[in-house]
Structure formats: structure tokens, C-alpha cells
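Right, one structure below, let's go through it.
Whatever order the structure lists ligands and atoms in, that order sets their numbers, starting from 1. Along the sequence shown, residues carry numbers from 1.
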Amino acid sequence: MSEPLYLAPRLESRAAALLDSPSFLHSLTAALGSPLNVVLPDQIADNVRRFQDVYARHRLAGRIAFAHKANRSSALVRRLAALAPAGGGTAGAAAVGVDVASLGELQHALGCGFTPDRITATGPKEPAFLWLAARTGTTVCVDSAGELTALAALVERHGLPRASVMPRLSGFSSPGTRTLTRRSRFGIPADEADALLDLAEKHRDSVELTGVSFHLDTMALTEKAVALEGSVRVLDECRRRGLRPRAVDIGGGFGVDYLADGAQWEAYTTELTRALLGKREPITWEGHGYGLRGENGTLRGALGVYPGHRPVAGPRYLDELLGQAAPALGRPLATLLLENLYDLHTEPGRALTDQCGLTLAEVLEVRVTAAGEHLVRLAANARDIGLEDHGLLVDPVLVPRREEGGGGPVGAYLLGNLCLESDLISRRAVYLPRAPRPGDLLAFVNTAGYFMDFTADHAMMQPVARKAAVYEGPGGAWRWCLDEQYWPHLTAGDDLGDAV
Ligand SMILES: *Cc1c(COP(=O)(O)O)cnc(C)c1O
């Protein structure tokens, strides 16, 4: 075999310590089956603090709302609900909230302990979703003029409290520059904001415009700077009209750095190109190119994968964005917000789940082909482990059942448990430090954001992964419970496991 091409996952201390506990992980899968999702609720609390630090550094107030759609876990949402603002609620510390995008998520957030003043509702909304949001006093990021009208009508018809709205805008442009924000199927075009404000004024008895919002599915700082400055311009117009907006919500999309080593990423993409051009032996299943292909010695297409190595991600990305100059006004965006005393709301999904979970899958069978390739069949499928689906290339970690030596590194294709040719968990050869054996586990790290439960289903009546919440008990020993059994008092030094 040629040199292994590793794409080692970035691991922070809590996840690394858990992976260093193979007997604990094996006891979990023995009890709960494979695949198994593990979430680390204390990690999401740490991640929130890092975002709060960025707010504090820029002296900004506002709210960090977890975009619930990234993970269905109750443990993560309950852990967040339990968080008080840093400094015990002193002015200036960013509050912690949740952003819900369906009726089910709203019900879940309320049931996990979030009061409605900490919840925002975004995304497509049916009447029942709008009704429950208005009934409870949840802020609604209305997606269109029609939705604003429908909400106002609901409030009037049912005698509901005045609804707080933060219209979602999209399609920003900046005077004097050519940057446009990309097209979105969501939101109200920024150049139609005036008509929207007319509508908000018309319905002022039933809706209160408390700010504006956007969410751009991009990592481009310049586009976000254009959108943020454009939003401030709309807020200024609101004030001119006598409305009293307080905040701008800049959505999510802060990203995660998944890989430990940028050099491995460079080496991998270089070798992938060489393989597709026939300059080395293949490193993907049937010459799969992740969007690239070689044609008569030329590379065509575009690599359609998540840039796994992303040093400026999460809170650091927010920090850089706030330091960016406003495209037309020239002052840093944080200054622009401070001058106007606007609060900053953010909705990180993926970034708040960074290092918050992993997916375990048991090795069922290992075959070696005539060409020396290892085919490793797992008790899990590509919907349980959505890494490939989302174009994220990162290695799993081998969690041996027994410590035995053996053989040195191998390249392996990971096959799922569905009776489908397409059910590959990896379409590239994944290099492992030794050939796995039946009974070993592969741990897919950092799956809590979109990978572990977004697409999982009961295809072929295969089991959907159970979810366990894992936390450190007294003395640092690992404790676990089913995700739905987790409540934050378990980690507050009030450990029930010890009391009984
Ligand atoms: C998906 C989504 C988010 C979260 O995006 P991430 O990339 O996970 O941070 C935030 N806000 C809205 C409105 C969304 O649709």
C-alpha cells in the first residue's frame, strides 16, 4: 500500500478523553446498540461561553440563539436552557436563546425550559406554528409580507398579545460597491423593506417590530458585512418612522474547523486530483471525484466538499466579522452597532455543536479484495452518519474492542447496512492505523451538527441510533443516560446516581 492519507479529526479535550475510554464506549454500545449517538451537553455550554467572550470583547449586548435544526437532542437544548447570562445576568452579557424552525422545535424548546422571550421562530411557518409563537410571546422572524399580514390577522382574531417581529431580509446590495448577497429562497428583498415597514406601521396594534434579521448560507465575510450594514440602514429608517427597533439578528453560518491538520487536507486534495487524472492509483470508490473528474488528462468540475480545515470558524469568525469595516460607512461593524445601541443577535447552529457529539458504529465484517482493498461493513448506514452526504471528509477513530497489535495502516471503504449499492459511509479510502476487526467500533467525531440525526430514518427497518448524553460525574468518571432522560440538575453537583 502507498503512504496513508490521513484526515485526522480536530479533537478538543473532552471528546479526546471520551475516545480514550474504549471500555466505557463499548459498554454503551453493548447496552444501546449500533449505531449510537453520543452528545456532550457540557461542551455546548463551553461553546456558548466562547461566543459570549466575543460579545464582551466588542462590548456588545444581545442574544446567542442555538439554531435547533442542527440537532434534535433534548440534552443539548435543556443544557442551554439552564445557562444564565455570563456574570449572573449583568448588563452587557449576551443572553442564551434558541432559534426554532418548526412547530415541533418550538414545542420542544418550551418543554426544555426556554421561556418565550428567549426563543425566535424562523423558517417556513404554518398557521399552528404562528399561533403558538404569538400565543406564547415568541419573537417571529417573518419571512414575507404575507406572513406579517397573516400573523397580524391571527393576533387580532384571537385576541393574542402584540407579537414581536424581526422581519427576515435578503438580497442586500451596498451603494458604491458591487458586492451583492447571494440569492435565497427565504426573506424579503432588502429593496422592498419600505413597503414592509408600511405594513408594520399599519398593523402596529398587533405586531411590534423589534428589529430585523437575516441568515445567509455562506462563509463570505464581505457578503455578511454588506447584509449587516444594510440591516442597520433599515433599522435607521424604522427609527425615522417612529418605530423602536432594538436589535439586528445576523443568523448563523459561523462554521466549524473539523480537521486537526491543514497540511493533511492539502495533501489529500492534491492526491485526489492526481488519482482522478490517473497519475496514481485510485483513492476513491469507482473513481468518485466529489464533483471533480478527469477528462483526457484535464481536470473538470468543482470540488463539492466542505472545506474541512477552517481555522477561522465559530466564535473567531464572529470576531472577524465584527471587526470588518462596514462597506459604505467604513467603520467597524461592531462600532456601527454600538453607536446606535443596537443589540446583536446570532443564531449559530453548527458552531455551537462543535465537539458536542460523536456517532459510534460497530464493525460487522471486514473483507479484503484481490486488489488489497479493505471493505468494512458497519452496523450503521449513510443516513445515520451523514458526513459524505454533506461533503465532509474526515477520518473515523478506531476504538478497539481489545488491545492487540496488528498489521499497520490500511485503507478501507466503509459500507453501510442497507441493501443498496449506494449505501457507502465513505466513498474514499479511509486510512486506519490497523485493519479493524468485527466487534471494534469506529467513532465518527463531531457529528452533533447536522450529521447524526438530520437524515436518519427507518429504511429497511434498520434501527435508528439511540442517543445518549454523557457527562462527567463526581471525581471525573463518565456518566451517561438516554438523551431524553437528561436534565441539567444531573451536572449541577446534585448527582442522583450517587444519591441512590
Ligand atoms: C440553519 C439556520 C441557522 C444555523 O446555521 P448554521 O450554519 O448551522 O450556523 C441559523 N438561522 C437560520 C434562520 C437557519 O435557517
I'd like to check the ring-ring contact (aromatic ring centres under 6.0 Å, His included) partners of His288; sequence neighbours left out, ordered by chain and number. Tyr290
Return a table of donor-acceptor pairs under 3.5 angstrom between the side chains of residues 315-332 and protein atoms on other chains or two or more places apart.
{"residue": "Arg316", "atom": "NH1", "partner": "Pro311", "partner atom": "O", "Å": "3.4"}
{"residue": "Tyr317", "atom": "OH", "partner": "Met219", "partner atom": "O", "Å": "2.8"}
{"residue": "Asp319", "atom": "OD1", "partner": "His58", "partner atom": "NE2", "Å": "2.5"}
{"residue": "Asp319", "atom": "OD2", "partner": "Arg57", "partner atom": "NH1", "Å": "3.0"}
{"residue": "Arg331", "atom": "NE", "partner": "Glu339", "partner atom": "OE1", "Å": "3.2"}
{"residue": "Arg331", "atom": "NE", "partner": "Glu339", "partner atom": "OE2", "Å": "2.7"}
{"residue": "Arg331", "atom": "NH2", "partner": "Glu339", "partner atom": "OE1", "Å": "2.8"}

Shortest reach to atom 7 (O) of ligand 1 by a heavy atom, considering only Ala351, Gly253, Ala121, Gly251: Gly253
Flag for Glu156-Ser206: side-chain donor and acceptor within less than 3.5 Å: yes
Using a strict cut-off of 4.0 Å, indicate which atoms of ligand 1 neighbour a heavy atom of Gly349. 4 (C), 6 (P), 8 (O), 9 (O)
At under 4.0 Å between heavy atoms, which part of Ala70 makes contact with ligand 1: side chain, backbone, both or neither? neither
Any chance CZ of Arg118 has more than 12 other-residue heavy atoms, nucleotides or ligands included, within less than 6.0 Å? yes
Using a strict cut-off of 4.0 Å, indicate which atoms of ligand 1 neighbour a heavy atom of Arg350. 6 (P), 8 (O), 9 (O)
Just heavy atoms, cut-off under 4.0 Å: does His215 contact ligand 1 by side chain, backbone, both, or neither? side chain
Are there more than 12 heavy atoms of other residues, nucleotides or ligands under 6.0 Å from atom CZ of Arg383? no
Nearest-option assignment for atom 2 (C) of ligand 1, heavy atoms, candidates Lys69, Glu347, Arg168: Lys69
Which of the numbered atoms in ligand 1 are below 4.0 angstrom from a heavy atom of Thr122? 13 (C)
Suppose I only count heavy atoms of Tyr450 and a 4.0 Å limit; which atoms of ligand 1 are within that range? 1 (C), 4 (C), 5 (O), 6 (P), 8 (O)
Is the ring pair His68/His108 parallel, tilted or perpendicular, if the boundaries are 30 and 60 degrees? tilted
Residues Tyr55 and Thr346: side-chain donor-acceptor under 3.5 angstrom: yes
When you measure from the heavy atoms of Phe186 to every atom of ligand 1, does any distance fall below 4.0 Å? no
For Ala67, counting its heavy atoms only, list the atoms of ligand 1 lying under 4.0 Å from any of them. 3 (C), 4 (C), 10 (C)
